[in-house]
Amino acid sequence: MNMNDTLISEPLEPQEMSTPVNRPVEDAGAQSAKVEEGKTVGKPFADDPKFKLRNVEVFYGQERAIKNVSLDIGRNEVIAFIGPSGCGKSTFLRCLNRMNDSIDICRVKGQLMLDDEDIYHSKKDVVELRARVGMVFQKPNPFPKSIYDNVAYGPRIHGLANRKSELDDIVEDSLRKAGLWNEAKDRLHSIATGMSGGQQQRLCIARAIAVSPEVVLMDEPCSALDPIATAKVEELISELSESYTIIIVTHSMQQAARVSSRTAYFHLGHLVEVNETSKVFTSPEHELTESYITGRFG
Ligand SMILES: Nc1ncnc2c1ncn2[C@@H]1O[C@H](COP(=O)(O)OP(=O)(O)O)[C@@H](O)[C@H]1O
Ligand SMILES: [Mg+2]
């Protein structure tokens, strides 16, 4: 289905909704709707998944930020994580390449498998893991180095090029894939932080893909960008989805609808619903999802 045909560009008015949750939020409805722990509505599992995640719990000290979440993520799938602020989207995303390791009070429990390898195995090489599972952050964060050196950084660390010409090729190829080559080719040795925000974010994507990852995690990658830069990054996500598994956290439902094939809705650390994106946005199965997409809380 073409999502542009079905996408709600504005939250639906309550009278347009067909299911019986047309109550103001202060009413009994949405706020008291229950999530049964560990029970997710929709299609959380897949055959031959890239990630197989079972009974995942994440604690910050005593605080349980992720509550018994089980989910598979398919190969070459773009999946969007949505939900109200503080519901655990970033926390869950960061588990997938162990970015949470750097937070002292953070503990991760459960089974997290990437291609049948335990991400949290005590002998897991985390540097190698992060090369396979790259990350793009909310705020573009290029190194204060040249455009070339930003993209070459990972390949140099991982010894992916034996000679300068090979490194040049990787840099060019990554910038091309990130849709930045034409803008960058004449200023490869200029400082990266001199570029526009949108260009910097595409540079960060180029940097992430320069080490040939299998998965790219994106945590609200467009929230600091203007609409034109956002459109370029979204276009890029669609192109990259042919080669990579992409997991994108977004607070924009329109963005989720434009770029993803499946959407997972989180609420207070629970995975409430996961389904085809078109289904989540047009006929969600859970009352909480419906309340969120109709703009009753966010
Ligand atoms: N570094 C941290 N230390 C303590 N608590 C945290 C930390 N990061 C996030 N949290 C808490 O975990 C919960 C989920 O946060 P987060 O994953 O950032 O949500 P989201 O990305 O959906 O907005 C929130 O209650 C938040 O306060
Ligand atoms: Mg977040």
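Each ligand, and each atom within it, is numbered from 1 in the order the structure gives. Computed from a predicted model, the values in this text were never measured in an experiment.
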Glu117 side chain vs Leu114 backbone, donor-acceptor pair below 3.5 Å: no
Please collect all salt bridge (charged side-chain N to carboxylate O under 4.0 Å, His left out) contacts where either partner lies in residues 202-231, sequence neighbours excluded, each pair once. Lys50-Glu214, Arg132-Glu214, Glu183-Arg202
According to salt bridge (charged side-chain N to carboxylate O under 4.0 Å, His left out), does anything in residues 91-112 pair up with another residue at least two apart or in another chain? List the pairs. Arg98-Asp101
Pick from Val215, Val216, Leu217: which one makes a side-chain contact (heavy atoms from CB on, under 4.5 Å) with Thr245? Val215
Check Thr289, Thr277, Thr250 against Thr263 for a side-chain contact (heavy atoms from CB on, under 4.5 Å) and give me the one that passes. Thr277
How many N, O or S atoms of the protein are nearer than 2.8 Å to the Mg ion (ligand 2)? 1
If you look at each N/O of ligand 1, which protein N/O atoms lie under 3.5 Å away, and at what distance?
residue	atom	partner	partner atom	Å
ligand 1	8 (N)	Tyr60	OH	3.4
ligand 1	17 (O)	Thr91	N	2.9
ligand 1	17 (O)	Thr91	OG1	2.5
ligand 1	19 (O)	Gly88	N	3.2
ligand 1	21 (O)	Ser90	N	3.0
ligand 1	21 (O)	Ser90	OG	2.8
ligand 1	22 (O)	Cys87	N	3.2
ligand 1	22 (O)	Gly88	N	3.0
ligand 1	22 (O)	Lys89	N	2.9
ligand 1	22 (O)	Lys89	NZ	2.8
ligand 1	23 (O)	Gly86	N	2.7

Do the side chains of Leu129 and Asp125 get nearer than 4.5 Å, heavy atoms only?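 Result no, sub-4.5 Å side-chain heavy-atom pair not found.
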Does atom [atom1] of [X] have more than 12 heavy-atom neighbours from other groups under 6.0 Å away?
X      : atom1 : value
Glu36  : CD    : no
Glu63  : CD    : no
Lys139 : NZ    : no

